[in-house]
Protein chains: 2
Amino acid sequence: MEVTVDDERLDAMFAALADRTRRDIVARLSEGEATVGELAAPYAMSLQAVSQHIGVLERCGLVSRSRHRQTRPCRLEPQALEAAVSWIEESRRAWADRVDRLEAHLARLQEGYQR
Amino acid sequence: MEVTVDDERLDAMFAALADRTRRDIVARLSEGEATVGELAAPYAMSLQAVSQHIGVLERCGLVSRSRHRQTRPCRLEPQALEAAVSWIEESRRAWADRVDRLEAHLARLQEGYQR
DNA sequence: GACTTAGTCAAGCAGATGCTTTATCAAGCT
DNA sequence: AGCTTGATAAAGCATCTGCTTGACTAAGTC
């Protein structure tokens, strides 16, 4: 049974992860919630830029923002990462299967020659 | 021990996978080698465009092109996919650990109240 | 040698992306 | 009410991307 994830979602997800700053933010959030300001602090770029990066992560479902007083705490939505992993795993598995079949085939040929 | 993959490589890899046509090509190649022309056939776009897509996949190490007569057979280099998977898995694992710790903590609190 | 096949190279263009700056808003502080 | 803090909104700009077309090359066919 295949887990079919729609293409647009994968587009957005991989595109989101294609930026170092955003991968950094995801890694940071995997250690726990953080506000936009906290996430922005380590970077040379403006708070607005980081807020935009978080927007990208939010739009593809990897991160969600809530409110607490004036701050906007962000947290990871890891089931979204699942979609990306499963696509990659599926392709890799298909390739591995193919290599296995090929090797098995070659092994049978080899056996044939030796007999 | 961490498998540290350099950021530029991950940038290129996720960017490569952020395109539906390129993911299609990877999926197709996971079923076996194919020439540029064979890969291009299903698409409305020009052969040149597909060749450029393959170039992107090649530059990030996911695909390699060889030569056979006038054709350029392409094949998947699946150990490259490993880098992407391991980055994602690592972040997800960190998040899962954190959730587990949190739940364990809450469980202990709960126990405390009931005693 | 001329023609076809399979593909690359290169220039150009419309639209997306990553940042900036300025302006604005909502919550808390005095 | 006015000021500060934490953040979003919007406009602008340089660069990158995905595609196109036209020109070229290498290998095989007539």
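All chains are named by letter (A, B, ...) in the order of the sequence lines, taking the proteins before the strands, and each is independently numbered beginning at 1. From a predicted model like this one, the values you see are computed outputs, not experimental measurements.
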| request: Looking at every strand, decide which applies to A:Arg20 at a 4.0 Å heavy-atom threshold: base, sugar-phosphate, or nothing. | output: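 No contact.
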| task | Check every strand shown and say whether B:Thr21 touches a base, only sugar-phosphate, or nothing at a heavy-atom separation below 4.0 Å. | result |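 Contact class for B:Thr21: none.
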If you restrict it to nitrogen or oxygen atoms, what contacts under 3.5 Å exist between nucleotides 24-30 of chain D and the protein, and what is each distance?
none

| request: Count the heavy atoms of every other residue, nucleotide or ligand shown that sit under 6.0 Å from CD of B:Glu8, and state whether that count exceeds 12. | output: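 Atom CD in B:Glu8 is not packed in, count stays at 12 or less.
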| Neighbour count above 12 (heavy atom, 6.0 Å) for A:Arg75 CZ |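 No.
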Would you kindly give the [atom1]-to-[atom2] distance between [X] and [N], to the nearest whole Å?
X: B:Arg59; N: D:dT17; atom1: CZ; atom2: C1'; value: 11 Å
X: B:Glu58; N: C:dG7; atom1: CD; atom2: P; value: 13 Å
X: A:Asp19; N: D:dT15; atom1: CG; atom2: P; value: 17 Å
X: B:Ile54; N: D:dC19; atom1: CD1; atom2: C1'; value: 15 Å
X: A:Glu38; N: D:dT5; atom1: CD; atom2: P; value: 16 Å
X: A:Leu17; N: C:dT17; atom1: CG; atom2: P; value: 14 Å
X: A:Asp11; N: C:dA16; atom1: CG; atom2: P; value: 13 Å
X: A:Phe14; N: D:dG18; atom1: CZ; atom2: C1'; value: 19 Å

| query | Would you say a side-chain N or O of A:Ser51 is under 4.0 Å from OP1 or OP2 of D:dA7? | reply |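 The answer is no; no side-chain N or O of A:Ser51 sits under 4.0 Å from OP1 or OP2.
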| D:dT5 OP1/OP2 closer than 4.0 Å to side-chain N/O of A:Thr71 |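 A:Thr71 to D:dT5 OP1/OP2: no side-chain N or O under 4.0 Å.
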| message | If we ignore hydrogens and angles and just use 3.5 Å, is the side chain of A:Glu58 paired with the main-chain N or O of A:Arg65 as donor and acceptor? | response |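 Flag set: sc A:Glu58 to bb A:Arg65 pair under 3.5 Å.
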| request: Could you tell me whether the side chain of B:Arg22 and the main chain of B:Ala16 form a donor-acceptor pair under 3.5 Å? | output: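 Between the backbone of B:Ala16 and the side chain of B:Arg22 there is a qualifying donor-acceptor contact (under 3.5 Å).
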Close N/O contacts between protein and nucleotides 20-22 of chain C (under 3.5 Å):
residue	atom	partner	partner atom	Å
C:dT20	OP2	A:Ser46	N	3.0
C:dT20	OP2	A:Ser46	OG	2.9
C:dT20	O4	A:Gln52	NE2	2.9
C:dT22	O4	A:Gln48	NE2	2.8

| Electrostatic pair B:Glu89:B:Arg92 at N-O distance under 4.0 angstrom |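 Here B:Glu89 pairs with B:Arg92 in a salt bridge, since their nearest N and O are under 4.0 Å apart.
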| Smallest separation among heavy atoms of A:Phe14 and B:Arg23, with atom names |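 Looking at all heavy atoms of both residues, the shortest contact is CE1-CD, 3.8 Å.
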| Which pair of non-hydrogen atoms, one from B:Ala18 and one from A:Asp11, has the smallest distance, and what is that distance? |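 That would be O-OD1, 3.3 Å.
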| Taking C-beta and beyond as the side chain, do B:Arg20 and A:Leu10 meet within less than 4.5 Å on heavy atoms? |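 Of all side-chain heavy-atom pairs linking A:Leu10 with B:Arg20, none is under 4.5 Å.
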| query | With a 4.5 Å heavy-atom cut-off, do A:Val50 and A:Ile25 have their side chains touching? | reply |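 Yes, side chains in contact.
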